[in-house]
Amino acid sequence: MAANNQDQQSQAGRHQEVGHKSLLQSDALYQYILETSVYPREPEAMKELRELTAKHPWNLMTTSADEGQFLNMLLKLINAKNTMEIGVYTGYSLLATALALPDNGKILAMDINRENYELGLPVIQKAGVAHKIDFKEGPAMPVLDKLVEDQKNHGSYDFIFVDADKDNYINYHERLIKLVKVGGLIGYDNTLWNGSVVAPPDASLRKYVRYYRDFVLELNKALAVDSRIEICMLPVGDGITLCRRIK
Ligand SMILES: C[S@@+](CC[C@H](N)C(=O)[O-])C[C@H]1O[C@@H](n2cnc3c(N)ncnc32)[C@H](O)[C@@H]1O
């Protein structure tokens, strides 16, 4: 047990050094996944957006290509039509979603920063999927509160992807659980938070990693005991927890 703990702690330490967002044990293995099954199948528009985003100073925020592929497949598997995304940045996960939805599919996309969204928008437009997106600039919470006020929005979303301010996920959850349909999915991103969820208290974490860590830990605990959902935490990207509403 102690050895296991030590292992976990040293692994958490090691991941602080890893530049990419994968939680896998070796860079080579992650590269293998990307080169063997992700990049060869990545739609041209997603490749263009990924390369454009790589030049942006905040590029570490972007959803990884393997997670984009996962989201795209998941949305097709559940036949998603009406979706929501909180946290757009330049739009990589948004494009993965838009490409997966049918032509009359919808994405309510929210971000406090329009400029970054507009950086990726020409690529999304060129891909012919911009008409599926309703982008709202500003904090997500007031938009969610407004949606919740109107009973007709309850249970109307097939899929909701949350990739924004981690200190609010737990507050978003109480709103989103009403908005997602029974049988629908909410995906919370970064639930392994750079591996820091198992870092020892004295670990030297980057400031923002340390700040959000406790919120992520609190969310993970809350989701694990929430009887309204079934959950599955996947070590894809920085960790994504899928919540399937069951009541
Ligand atoms: C990790 S990035 C999103 C990455 C994006 N999903 C992608 O595929 O590139 C987080 C985003 O959340 C946005 N954000 C932060 N606080 C927010 C809030 N209160 N409401 C909406 N968006 C917010 C940030 O502006 C940032 O663009």
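As the structure lists them, so they are numbered: ligands from 1, and atoms in each ligand from 1. The shown structure was predicted, so the numbers you read here are calculated from the model rather than taken from an experiment.
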**Message:** If we set the cut-off at 4.0 Å for heavy atoms, which region of Thr53 has an atom near ligand 1: side chain, backbone, both, or neither?
**Reply:**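 It is neither; nothing of Thr53 touches ligand 1.
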For Tyr172, which part has a heavy atom under 4.0 Å from ligand 1: side chain, backbone, both, or neither?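 Under 4.0 Å from ligand 1, Tyr172 contributes side-chain atoms alone.
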### Query
Out of Leu144, Val162, Asp111, whose heavy atom is nearest to atom 27 (O) of ligand 1?
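Residue with the shortest heavy-atom distance to the ligand atom: Asp111.
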Original post:
So between Asp163, Asn168, Asp238, whose heavy atom ends up nearest atom 3 (C) of ligand 1?
Top reply: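 Going through Asp163, Asn168, Asp238 one by one, Asp163 has the nearest heavy atom to atom 3 (C) of ligand 1.
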Is it true that [Y] and [X] share a donor-acceptor pair across their side chains at a distance under 3.5 Å?
X: Thr53; Y: Thr90; result: yes
X: Arg213; Y: Asn194; result: no
X: Ser93; Y: Glu67; result: no
X: Lys76; Y: Asn72; result: yes
X: Tyr30; Y: Asp66; result: yes

| query | Near Glu51 CD, under 6.0 Å, is it more than 12 heavy atoms from other residues, nucleotides or ligands? | reply |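 For Glu51, atom CD is crowded (more than 12 foreign heavy atoms under 6.0 Å).
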Can you list the ligand 1 atoms lying under 4.0 Å from a non-hydrogen atom of [X]?
X: Gly138; answer: 20 (N), 21 (C)
X: Thr62; answer: 9 (O)
X: Val88; answer: 5 (C), 7 (C), 9 (O)

Please indicate whether any nitrogen or oxygen in [X] is less than 3.5 Å from any nitrogen or oxygen in ligand 1.
X: Lys166; answer: no
X: Ala140; answer: yes
X: Gly87; answer: yes

- Task: Say whether, by atom type as modelled, one donor and one acceptor occur between the side chain of Asp165 and the main chain of Asp167 under 3.5 angstrom.
- Result: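 Judged by distance alone, no pair lies under 3.5 Å.
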Original post:
Of all the heavy atoms in Asn116, does at least one lie under 4.0 Å from an atom in ligand 1?
Top reply: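 Contact check Asn116 vs ligand 1: negative.
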Are Tyr208 and Trp193 an aromatic pair by the rule of ring centers under 6.0 Å?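 Under 6.0 Å, so yes.
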